[in-house]
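We count ligands from 1, going down the list as the structure has it; atoms in each ligand are counted the same way.
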Amino acid sequence: MAPNGDPELERFVTEVARRNPGEPEFLQAVREVAHDVLPLVADRQAYRDARILERLAEPDRAISFRVAWVDDANAVRIQRGYRIQSCNAIGAYKGGLRFHPSVNPSILKFLGFEQTFKNALTTLPMGGAKGGSDFDPRGKSDGEVMRFCQAFMSELFRHIGPNTDVPAGDIGVGAREIGFLFGQYRRLANEFTGTFTGKGLAYGGSLVRTEATGFGCVYFAREMLGTRGDEIRGKTCLVSGSGNVAQHTAEKLIELGAKVVTLSDSDGFVHDPAGLDAERLAFVIDLKTRQRGRIREYVEKWGGTFHAGERPWKVPCDLAFPCATQNEIDAESARQLVANGCRLVAEGANMPSSLEAIGVFRANRLLFAPAKAANAGGVAVSGLEQSQNAMRLAWTREEVDQRLLEIMQKIHARCVEFGREGDEVDYLRGANRGGFVKVADAMLAQGVL
Ligand code: NDP
Ligand code: 2IT
């Protein structure tokens, strides 16, 4: 998947690179989609004439703003806030906010670009966006996080709204941050609407939204295994990360009878050969969401080993679920996974596999569930939260979970439809083409904008 000599692809990517210097993550995401979509565009004159792919590679709007706030020592701090509104051809902009020191325009543009296709795959009417800040919530007091969130929303609020742009969480933006952000939005806009998803249950949140990305990822993996007459039960699984997505991926895997032997954070990974159970997972969830501790503390309580500065991919497994961050699986890790007998990789995180790693998975015919399909359950339940808010009612846990399952099954079916190659399915191609066609047809119908 690295430069592969296809002149059309290279021409396209070179032009996007020229317009977006110094943005490697954005270019990586564009190359990955263009690789699969350009042959389809070549077959459809209308897509070519309307320059659909070129237009999608340019966000509708990229907003950047100063966020000044005062820390506990009374020092003034300055951060940068962003909202990238990528495409609203099929619905109001929708996508998470990320608070992490690494946040920059390249990362948010890749995430917004991916979100456009992911949201199209959910079958719900949602456009693509992403935003966030280089603010690091780690080590900050609740008061500092609140003041930062209020300062951030003081600018963002004018760009969002229930029919305009609906943010949610992502890395570093969980229940606490969403509460503070929504509170400030409600105050400034003087309205109580579903302008945020991932809200607390007390103020308009949906049941199962917290679990949705992880649960959806495992539902998708189960569908894939089903096509080969296989199942989750009894499989040894690697999960990376230990935040929202990792926690609930592990939860569903354990519930379905798999053995989860790793979790990680940016300090390293824990390996528990005995496998996590409900009690150990409850410890991790409390450690990460309430105590805001480090994953190495798991080993002090439950045993196993901690591997500082390393990622879990060298541990032998049947199934791998990267749920931390972009480019956490490089070519060497991919080869290690293959050599150790891994059969399936399902991306809970966004773009966790490098292009070279994807090349290794493709060459070895692994079941590879790309992020825009596998982790779409989170934004799908965000869409269901918007529906419930608009109706001013709340569905039961069973109802939301059943709808999530059905959406993941529909995404799987669309990947199969668009990715079938003889007896095999290229899920990445299926997801890229399946998402693209919906957005492209909506853009065609609406003229040149
Ligand atoms: P959280 O903030 O809850 O957890 C993030 C986890 O990833 C933490 O364990 C964190 O470790 C680790 N991590 C973050 N950055 C890095 C890094 N640069 N290197 C190594 N580890 C890192 O975020 P989420 O669980 O919500 O998000 C995880 C991934 O899932 C992201 O790619 C996100 O875009 C994606 N995603 C999230 C959805 C959601 O609904 N929340 C929906 C779809 C995708 P540490 O604590 O040390 O930083
Ligand atoms: O990457 C993602 O899909 C998310 N962070 C969730 C977005 C959302 O609007 O729920």
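Taking a cut-off of under 4.0 Å to the non-hydrogen atoms of A349, the atoms of ligand 1 that pass are 29 (C), 30 (O), 32 (O), 35 (C). Heavy-atom proximity to G348, at under 4.0 Å, picks out these atoms of ligand 1: 30 (O), 35 (C), 36 (N), 44 (C). Counting the atoms of ligand 2 from 1 in the order shown, those under 4.0 Å from a heavy atom of A168 are 8 (C), 9 (O), 10 (O).
When heavy-atom distances to ligand 1 are checked against a 4.0 Å cut-off, H100 comes that close only through its side chain, counted from C-beta outward. Contacts between C323 and ligand 1, counted as non-hydrogen atom pairs separated by less than 4.0 Å, involve the backbone only. Looking at R138 against ligand 1, only its side chain comes within 4.0 Å, counting heavy atoms.
Considering I171, I295, T289, D265 only, the shortest heavy-atom separation from atom 23 (O) of ligand 1 involves I171. Of the candidates T325, T213, D170, L111, it is T325 that places a heavy atom closest to atom 16 (C) of ligand 1. When the options S264, A168, S266, G214 are ranked by their closest heavy atom to atom 47 (O) of ligand 1, first place goes to S266. One option in A324, S102, G241 has a heavy atom closer to atom 28 (C) of ligand 1 than any other, and that option is A324. Residue G172 holds the heavy atom nearest to atom 2 (O) of ligand 1 of all those in A374, G243, C217, G172.
Between the side chains of W69 and Q79, at least one donor N or O sits under 3.5 Å from an acceptor N or O. For K372 and N119, the side-chain atoms include no donor-acceptor pair closer than 3.5 Å. In this model, no donor atom of one side chain and acceptor atom of the other lie less than 3.5 Å apart for S86 and Q115.
Under the 4.0 angstrom criterion for non-hydrogen atoms, M351 is not in contact with ligand 1. Distances shorter than 4.0 angstrom occur between a heavy atom of K130 and an atom of ligand 2. Contact analysis leaves A376 out of contact with ligand 2, as no non-hydrogen atom separation drops below 4.0 angstrom. Ligand 2 has no atom lying under 4.0 Å from any heavy atom of M126.
Ion pair E297/K301 not flagged as a salt bridge, since none of the NZ, NE, NH1 or NH2 atoms sits closer than 4.0 Å to an Asp/Glu carboxylate oxygen. E255 and K252 are joined by a salt bridge, as a carboxylate oxygen and a charged side-chain nitrogen come within less than 4.0 angstrom of each other. Ionic pairing of E211 and R397 is present here: one or more N-O contacts between side-chain nitrogen and carboxylate oxygen are shorter than 4.0 angstrom. A salt bridge is defined here as a Lys NZ or Arg NE, NH1 or NH2 lying under 4.0 Å from an Asp or Glu carboxylate O, and E310 with K314 meets this definition. Salt-bridge formation is detected for the pair R147/D72: a Lys NZ or Arg NE/NH1/NH2 atom is positioned less than 4.0 Å from an Asp or Glu carboxylate oxygen. Using a cutoff of 4.0 Å between basic side-chain nitrogens and carboxylate oxygens, D318 and K235 are not scored as salt-bridged.
Below 3.5 Å of separation, one finds no N or O of R311 facing any N or O of ligand 1. Checked against a 3.5 angstrom limit, the closest N/O atoms of S242 and ligand 1 fall inside it. Between K118 and ligand 2, an N or O atom pair is found at a separation short of 3.5 Å. Here's the thing with R98: one of its N/O atoms is less than 3.5 angstrom from an N/O atom of ligand 1. Residue N244 has at least one nitrogen or oxygen atom sitting less than 3.5 Å from a nitrogen or oxygen atom of ligand 1, judged on distance alone. No N or O atom of G378 sits closer than 3.5 Å to an N or O atom of ligand 1. Note: an N/O pair closer than 3.5 Å links R209 and ligand 1 by distance alone. In terms of polar-atom proximity, defined here as any N/O pair under 3.5 Å, V166 makes no such contact with ligand 2.
In this structure, atom 46 (O) of ligand 1 lies nearest to the protein heavy atom R294 NH1, 3.5 Å. Looking at atom 10 (O) of ligand 2, its nearest protein heavy atom turns out to be S382 OG, 2.5 Å. The protein heavy-atom contact nearest to atom 9 (O) of ligand 2 is K94 NZ, 2.6 Å. Considering only non-hydrogen protein atoms, atom 25 (O) of ligand 1 sits nearest to V245 N, 3.0 Å. The single protein non-hydrogen atom nearest to atom 7 (C) of ligand 2 is G96 N, 3.6 Å, given as residue, atom name and distance. Of the protein's non-hydrogen atoms, R209 NH2, 3.6 Å is the one closest to atom 6 (C) of ligand 2.
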Under 3.5 Å, sequence neighbours excluded: what are the donor-acceptor pairs made by side chains of residues 53-65?
unit_1, atom_1, unit_2, atom_2, d
R55, NH1, A50, O, 2.8
R55, NH2, G447, O, 3.1
E58, OE1, R19, NE, 3.3
E58, OE1, R19, NH2, 2.9
D60, OD2, N88, N, 3.4
D60, OD2, Y93, OH, 2.7
R61, NH1, Q85, OE1, 2.7

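When side chains are defined from C-beta on, R80 does not count as touching V103, because their heavy atoms never get closer than 4.5 Å. Looking at F196 and Y203, their side chains never come closer than 4.5 Å, going by heavy atoms from C-beta outward.
Taking the centre of each ring, H271 and F306 stay at or above the 6.0 Å mark.
Residue F152 is tested with F99, F135, Y185 for a ring-ring contact (aromatic ring centres under 6.0 Å, His included); the sole match is F99. Tested against D265, the residues K288, R292, R311 include a single salt bridge (charged side-chain N to carboxylate O under 4.0 Å, His left out) partner, K288.
Atom CD of E25 is separated from atom NZ of K109 by 11.5 Å, given to the nearest 0.5 angstrom.
Sorted by first and then second residue, the pairs that involve residues 153-169 and meet salt bridge (Lys or Arg N to Asp or Glu O under 4.0 Å), not counting sequence neighbours, are R83-D165, E155-R158.
Within a 4.0 Å radius of atom 31 (C) of ligand 1, the protein contributes one or more non-hydrogen atoms.
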